[in-house]
Structure formats: C-alpha cells, structure tokens
Peer 1: 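Could you have a look at this structure, given as structure tokens, before my questions?
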Number of protein chains: 2
Amino acid sequence: MTEGLRERKKLATRQALHLAALQLVAERGLDAVSVDDIAERAQVSSRTFFNYFPSKVDAVVGLDPTTPFQVSSDFSARPATESPVQALRAVQRARAQEMAEEEELWPLRMTVIDAHPSLVQRLIAAFGEAELALAEAIAERTGTRVGVDVYPTLLAAVQGCAMRISLQRWVATDFTASLPDLVDEAWDALAAGLPAPPRAAT
Amino acid sequence: MTEGLRERKKLATRQALHLAALQLVAERGLDAVSVDDIAERAQVSSRTFFNYFPSKVDAVVGLDPTTPFQVSSDFSARPATESPVQALRAVQRARAQEMAEEEELWPLRMTVIDAHPSLVQRLIAAFGEAELALAEAIAERTGTRVGVDVYPTLLAAVQGCAMRISLQRWVATDFTASLPDLVDEAWDALAAGLPAPPRAAT
DNA sequence: GCGGAATGTTGCACGCTCTGCAAGTTTGCA
DNA sequence: TGCAAACTTGCAGAGCGTGCAACATTCCGC
C-alpha cells in the first residue's frame, strides 16, 4: 500500500516533529520553545530535526514545500472559459474546503501562527515562493508577459493577500465562519474593484 | 538647528551602519557578510550594532520603524470626498515620488533587497506592521469594522501588494520606469476589478 | 535469508546571531 | 565645573544552523 517502511517512517517523523512544535508553541509561546525541546518530544535527536526542517519556524508552520505550487497547477487545470479571477476564486474555495475539513490540524495551526508575527511572516513567504509560477500561469492564460505587464504579477500577489486575509478572519471568528465563504467575500470585493461598501443603515 | 550633538551622532551612526550593510551585501551577498563586518566598516563595535538594529536584515533594509505608519496617517489626511482606493493611490503616488527622488539610496536599496528573498520578506513584514493601523483608518472612513467586515483588512493588505509589485517592477526595469506611473498602473488594474487585459493585436 | 548499496540518524565541532549585564566613556545641563 | 543621563563596549552565554564522519537501518537482487 504505502511505499515502503522507509517512506512511512520519514512521514511519521515529519508529522511528529510538526505536531510537537505546534503543541509546545501553543503551550509556552515561540520564544520559550527550543529546537531541542521539539526534537525531544518527537523522540529524535536535535540534529535529525534539521534533516526535516531548516528552522524552528518552518517546523511550526509545517507546510509541505510543494504545497504552494499546487495553486498554480490547480489554476492551470481550470477551464479556459473562466476569467483568471473566477479561476483563482474557485481554486481557493477548493483549497479552503480542504483546510476546513482537517478540523484537528488547521485551526490549531492557524491559532498558533496568528499569535506570532514571525510565523505569519513565514506563512506569507510560503505563498510568495509560488508567486512567480502562478504569475507565469496567469500570463500564459491571458497572453500577457511577466516582467512587462502588471497584470500577472499583481494578480498572483493579490491572490496571496486574499487567502491570507481570509485565514486571518477565520481565526478571528474562532473558526465559526465558513472558510470558503470568507474566501468568496474577499473575491467579491476584489472583483468589484474594492469600492467603499454601502454604509449600513443604523 | 539639529537637536544636539547626541542626536546627530546617533543618526550618523545609524546611517553609517545601514550604508555599510547595503554596500557589503551588494559586494558579497547577504550570507557572506556578518554583523562584525558591518560594524567594522561603520567603525563601531559589533555590540553597538545591536543597539541600532535588531538583526542583520534590518540593517540592510534600513527602514525607520515609524515609516510604515506614515501610510495610515497620510491616508487619514486625504480629503473625505475621495474613495478609499483613490486616497490610497494618491498616498502611494506621493510616497513613490519621494523614493524616486532619493536617486542614490532607493535604487541601491531595492537592488540589494530584490536579490535576497529574506530581505524581500523583511520589507513585506515592514508593510505588514502598519496594516492594522491602516485598516482602522479605512474602517473609520467607511463606517466598517475591523474584525467584522472584509473591506478594511483586505484593502490594507492589498495596498501593500500594490506597493510591493510596483517596487519589484521598478527594479525589473532597472529604474528606467517612473515609479509613480507603475503605482498608477497597479491601481488601475485593482480599481477595475482585475479583469483580464485585452489581448494585444499581434 | 544474505550481503552490499543506499539512505537515515546521531554526535561533535564550529561559526554566527542576539541578549543581559556591568563596566567605562561621552554628552547634556544647571 | 560637576552631576546625571545616555551611549559604547567587552564579556559571557544560550540558541540556531551546518558540515562532517561514524553508526544503524532499510532496500533489493540473488
């Protein structure tokens, strides 16, 4: 079934390290947790920790390095009849759905991340890594050129903002809101050109 | 004129450290420059370095910690007849103008930053610091509520994107483009709701 | 099963980052 | 001129992150 003992052990160790990091930081805060602490709880040496994650913050955030690039390949897989904005909204909705379904993992993850600026920064950086790839996919679809036109680069960047703000609001509602709905709200505002919302009658 | 010898010396030291950091990183790359190197070139002890900047990357980026908050106060100072998007565009245009006028500093700064992901990350984080303050100012102006409505938070975040992408494109054109014009281009796309641009007739 | 190749784990040594503390020095001000 | 406040510096120390070499485990063909 799974591809060999070795692969399974590696995955287990990785998850153990991520979970340990997450729990410890939730308990004590980022600064009060050392790499040694995390390694100890995950039952490996601190040297081994660095075989899995390049830094403490990476272990806490715990994203698979390939995850960010999923967005650009998902985008390319959307029907060509959709506008870029429609396609990105759909991609993010789907992603949001997946996150919301992992009820154990993502809320804990986001709670911890949201409480520490350096973790938020790392999460944003993770989005940023795939920005060029996504910009190229957008350029491809729209006949624009990365490095010449604003459009692909800007849209790729704004897409990251939309997801970030949606996640932030999800945390703020204590995960009572529907993440896909929050994503939709953000894209509604973006697609409309960010007009000042009508003032609610009081 | 300037307020005392002490203040002037502090400012001079700060600028010396920033310039030293910038030049050294431009010459050798970020990883090949240590805090000791920077301190030595600026003629202070490495301990003193940390009295001015909390880390190496901060010294290279070299932003005054109050700078990011300028955006939100400038925004609040714009006439209330402008829409939030119009006001932010105007604020950024003005800021872009100032940057472009410091012909010695900003191009070098941006060249160095653009070449190192961790510096880009730090610059983005600097924008992020003021995001809450800006969101509150936007909420104030539009009668929305931070933490409830998407609008203020999203717009504050997107504004950072617009500036970031404009700067990135400025670097990409080797500073031949007009930064205020690049800012305008970004806001044109945003205000229109990010529609796919018409394909150029070939 | 067996043995060698590939892969993973660990300890060690090292350089760098950043902080607190306790001098010593310079500036501000009456 | 002299005291108080502020700045600089060296030192000690904890933690991060990496290269290296030895050891252990898994894989795979036979």
Peer 1: Could you tell me the separation between the CD atom of A:Gln43 and the C1' atom of C:dT10, rounded to a whole number of Å?
Peer 2: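 Checked: the CD to C1' distance equals 15 Å.
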Peer 1: Between B:Asp37 and B:Ser34, does any side-chain donor sit less than 3.5 Å from a side-chain acceptor?
Peer 2: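 Judged by distance alone, the side chains do pair up.
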Peer 1: Tell me which nucleotide among D:dG17, C:dT9, C:dC16 gets nearest to the side chain of B:Ser34.
Peer 2: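 Among the listed nucleotides, the one closest to the side chain of B:Ser34 is C:dC16.
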Peer 1: Of the candidate nucleotides C:dT10, D:dT25, D:dT9, which contains the atom at the shortest distance from the side chain of A:Lys9?
Peer 2: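 Closest nucleotide among those given: D:dT25.
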Peer 1: Once you round it to whole Å, what is the distance between P of D:dC16 and CG of B:Asp31?
Peer 2: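 Computing the B:Asp31:CG to D:dC16:P distance gives 19 Å.
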Peer 1: Let me spell it out: for each of B:Ser45 and A:Glu7, pick the nucleotide of DNA chain D with the closest heavy atom. Which residue's pick is nearer the 5' end?
Peer 2: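 Result of the comparison: B:Ser45.
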Peer 1: Report, as yes or no, whether the 6.0 Å neighbourhood of atom CZ on B:Arg145 holds more than 12 heavy atoms from other residues, nucleotides or ligands.
Peer 2: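 No, CZ of B:Arg145 has 12 or fewer neighbouring heavy atoms, counting only those of other groups under 6.0 Å.
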Peer 1: Taking CG from B:Asp36 and P from C:dC18, how many angstroms apart are they, rounded to a whole number?
Peer 2: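 So the CG-P distance, B:Asp36 to C:dC18, works out to 12 Å.
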Peer 1: What integer distance in Å separates B:Arg6:CZ from C:dT25:P?
Peer 2: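 Rounded to the whole Å, the gap is 16 Å.
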Peer 1: Looking at every strand, decide which applies to A:Phe49 at a 4.0 Å heavy-atom threshold: base, sugar-phosphate, or nothing.
Peer 2: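 Here A:Phe49 touches no strand at all.
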Peer 1: Tell me what A:Thr48 touches on the nucleic acid: a base, only sugar-phosphate, or nothing, going by heavy atoms under 4.0 Å.
Peer 2: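 Result for A:Thr48 = base.
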Peer 1: Taking atom CD of A:Glu7 as the centre, does the number of heavy atoms from other residues, nucleotides or ligands within less than 6.0 Å exceed 12?
Peer 2: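 Yes, enclosed.
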Peer 1: Can you check the A:Tyr52 OH to D:dG17 P distance for me, whole Å?
Peer 2: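 The answer, rounded to whole Å, is 18 Å.
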Peer 1: For B:Leu30 and C:dC16, what is the distance between atoms CG and C1' respectively, to the nearest whole Å?
Peer 2: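 B:Leu30 atom CG is separated from C:dC16 atom C1' by 13 Å.
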Peer 1: Send over the distance from A:Asn51 CG to D:dA24 P, rounded to a whole Å.
Peer 2: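 These atoms are roughly 17 Å apart.
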Peer 1: We want to know whether A:Asp64 and A:Thr66 form a side-chain donor-acceptor pair, criterion being a heavy-atom distance below 3.5 angstrom.
Peer 2: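 The answer is yes; a qualifying pair exists.
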Peer 1: Using a cut-off of 4.0 Å on non-hydrogen atoms, how would the nucleic acid contact of A:Ser55 be classed: base, sugar-phosphate, or nothing?
Peer 2: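 Sugar-phosphate contact only - A:Ser55 comes under 4.0 Å of backbone atoms but never of a base.
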Peer 1: Side chains of residues 115-125 of chain B: which donor-acceptor pairs under 3.5 Å do they make with residues two or more places apart or in other chains?
Peer 2:
{"unit_1": "B:Arg122", "atom_1": "NE", "unit_2": "B:Asp58", "atom_2": "OD1", "d": "3.4"}
{"unit_1": "B:Arg122", "atom_1": "NE", "unit_2": "B:Asp58", "atom_2": "OD2", "d": "3.0"}
{"unit_1": "B:Arg122", "atom_1": "NH2", "unit_2": "B:Asp58", "atom_2": "OD2", "d": "2.9"}
{"unit_1": "B:Arg122", "atom_1": "NH2", "unit_2": "B:Glu129", "atom_2": "OE2", "d": "3.4"}

Peer 1: Describe the nucleic acid contact of A:Phe53 in one word from base, sugar-phosphate, nothing, applying a heavy-atom distance below 4.0 Å.
Peer 2: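 Here A:Phe53 touches no strand at all.
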Peer 1: May I have the distance from B:Arg14 (atom CZ) to D:dC7 (atom P), rounded to whole angstrom?
Peer 2: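 That distance rounds to 13 Å.
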Peer 1: Just compare D:dC16, C:dC21, C:dT9 and give me whichever is closest to any side-chain atom of B:Arg47.
Peer 2: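 So the side chain of B:Arg47 is nearest to C:dC21.
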Peer 1: Can you tell me which nucleotide in D:dG17, C:dT17, C:dT9 comes closest to the side chain of A:Phe50?
Peer 2: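 Shortest atom-to-atom distance from the side chain points to D:dG17.
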Peer 1: Any side-chain N or O of A:Lys56 under 4.0 Å from OP1/OP2 of D:dC16?
Peer 2: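 So the side-chain polar atoms of A:Lys56 do come within 4.0 Å of the phosphate oxygens OP1 or OP2 of D:dC16, strictly under.
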